[in-house]
Amino acid sequence: MKNKCDVIKDLLQSKQISFPKEEVLVFAPSNIALVKYWGKRDTELNLPQTSSLSVTIPKKGANTRLKLIDAEQDHIILNGEALDAKHPFAIKAADYLTLFRPITKRFYQVNSDSNIPIAAGLASSASGFAALVMALNELHQWQLGLEEQSILARMGSGSACRSFWPGFVEWHKGQNDDGMDSHGEPFNVPWPDLCLGVSLVSEQIKPVSSRDGMNRTTQTSPFYPAWPNKVEQDLENIKQAIYDKNFHRFGQVVESNALAMHATMMSAWPPILYWLPETVEHMHRVWQLRQQGIGIYFTQDAGPNLKFLFMKQQIGDIQKQFPMLEVVALFSKQ
Ligand code: 2P0
């Protein structure tokens, strides 16, 4: 079995090692899964049990500045705050950079600014790790392709491997033990009027991390064995719905996939329930809107906030029910 360092060595051995640049600045967007990744077949390399499909959030993500420093450890700055080496984000980033040390032999300053609320459930770790990989690639001039960068980012955080392309992206679960076939691939079918809305119910840090939550679910939920089949069918159906621009079929897959994922967590032990009373109240408001003929569906990740999917034409009606809604045009050209 290969470990992360072996995979990194394999990926970089054929690359020309030239002089690193002094400093680089990159941007990586975040992404929201429409058919979710929940459960790993390999916890060392972050290899998933199933494929998944996401949509990238344009312009929302991480701006990361990376530079080499003469120091004895990496320095991590997040949203302007220099993190103590024991801060969980600093540990995660430094552990990841340590994997590259046998090759780079250097320490870094990472200065990352996220323009999304860290706790809003907009996948800040996805954009954070994607940006870190883009920055390493550019700083060292490795000239890795996007699939190779996606593989590297996956080993930091699974969902990060989908953040290298705009629009819809499929993360193939792959079959190889070393995960070289487990990376993102664009699903190049644009949907110009598709919008995403986020209505915050809480910005509290989640009580159980996604990583712990999915591991506990795979190990203890009696319903987990049904999950891979559900995902396989949902992937087939969502791709067809996107091709056909069949919004109701699309929304049905998205909402039902998210609820099925949460059902596996609730049946884990100890149980995991990211929902708050306001989460349920928002679900009922969505269902009421649908009864009134308004096309809106929700998805929910490992947190209490729902994300809504709807077409541009419905924004006015939806904002009457959710006045604080922040709307993102997913395929905007600007
Ligand atoms: C997803 N989530 O597909 C799913 C849906 C949350 C719910 O990927 O352990 O931070 O770093 O691979 O990527 C969040 O989990 O987990 C996630 P690791 P990650 O977006």
Side-chain angles (χ1 to χ4, degrees), residues 4 28-57 61-62 88-89 91-93 95-96 99 114 116 118-133 150-164 168-174 179 182-184 196 198 205-219 224 227-228 230-231 234-235 238 253-266 268 272-275 279 298-307:
K4 289 180 192 155
S30 194
N31 73 78
I32 295 293
L34 303 171
V35 174
K36 309 289 188 190
Y37 147 55
W38 197 250
K40 306 180 197 216
R41 65 182 160 90
D42 180 332
T43 50
E44 159 71 16
L45 299 179
N46 273 347
L47 297 176
Q49 289 275 358
T50 71
S51 298
S52 55
L53 189 131
S54 61
V55 65
T56 294
I57 318 286
F89 285 126
I91 293 174
K92 235 177 148 180
D95 281 355
Y96 187 70
L99 302 170
S114 174
I116 45 180
I118 294 287
L122 273 177
S124 50
S125 81
S127 52
F129 274 100
L132 192 51
V133 168
S150 171
I151 289 168
L152 289 178
R154 186 200 73 233
M155 295 194 295
S157 189
S159 49
C161 81
R162 300 182 303 231
S163 273
F164 289 84
F168 298 114
V169 177
E170 183 171 5
W171 169 12
H172 298 286
K173 66 175 176 169
S182 183
H183 53 73
L196 181 110
V198 186
I205 299 285
K206 48 193 165 197
V208 182
S209 72
S210 300
R211 187 162 294 190
D212 292 347
M214 68 175 88
N215 290 341
R216 192 188 299 172
T217 305
T218 47
Q219 285 158 16
Y224 192 77
W227 172 248
K230 162 81 177 149
V231 170
D234 285 347
L235 280 170
I238 201 167
V253 175
V254 170
E255 198 171 294
S256 130
N257 184 269
L259 287 169
M261 175 183 75
H262 284 274
T264 67
M265 305 182 202
M266 289 176 205
I272 304 162
L273 186 67
Y274 290 110
W275 305 17
T279 314
F298 66 79
T299 186
Q300 182 188 355
D301 292 298
N305 301 309
L306 299 185
K307 292 114 203 181

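All residue numbers refer to positions in the sequence shown, counting from 1. Numbering of ligands and ligand atoms starts at 1, following listing order. No experiment lies behind these values; they were computed from the predicted model shown.
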Side-chain donor/acceptor of Q300 to backbone N/O of L259, under 3.5 Å: no
Any S125 heavy atom less than 4.0 Å from ligand 1: yes
Beyond-backbone contact of T56 with R162, side-chain heavy atoms, under 4.5 angstrom: no
Which segment of R154 sits under 4.0 Å of ligand 1 when only heavy atoms are counted: neither
Interfacing atoms of ligand 1 (cut-off 4.0 Å, heavy-atom, K40): 9 (O), 12 (O), 18 (P)
Derivation of the side-chain contact (heavy atoms from CB on, under 4.5 Å) call for T43 and N215: CA-CA 8 Å; T43 50; N215 290 341; 3.8 Å; yes
Heavy-atom side-chain proximity of M265 to W275 below 4.5 angstrom: no
Any N/O pair Y37/ligand 1 closer than 3.5 Å: yes
Test of proximity, G158 against ligand 1: N or O pairs below 3.5 Å: yes
Closest to atom 1 (C) of ligand 1 (judged by heavy-atom distance), picking from R162, K36, M155: R162
Donor-acceptor contact present, side-chain T218 to main-chain G39, <3.5 Å: no
Any donor-acceptor pair under 3.5 Å from H183 side chain to K173 backbone: no
Under 3.5 Å donor-acceptor, S51 side chain and H172 backbone: no
S159 N/O under 3.5 Å from ligand 1 N/O: yes
Polar contact flag, side-chain donor to acceptor under 3.5 angstrom, K230-T50: no
Close N or O approach (K92, ligand 1; < 3.5 Å): no
Per-atom contacts of ligand 1 with S210, taking only distances under 4.0 Å to non-hydrogen atoms: 14 (C), 15 (O)
Interfacing atoms of ligand 1 (cut-off 4.0 Å, heavy-atom, A33): 1 (C), 3 (O), 20 (O)
Proximal atoms of ligand 1 relative to N46 (non-hydrogen, under 4.0 Å): 12 (O)
Distance filter under 4.0 Å to R211 heavy atoms, resulting ligand 1 atoms: 9 (O), 11 (O), 18 (P)
Side chain S157, main chain A160, donor-acceptor under 3.5 Å: no
contact_flag M214 ligand 1 heavy-atom lt 4.0 Å: yes
W38-ligand 1 polar pair, N/O distance under 3.5 Å: no
Location of contacts on S157 toward ligand 1, heavy atoms closer than 4.0 Å: both
Basic-acidic side-chain contact under 4.0 Å: K36, D234: no
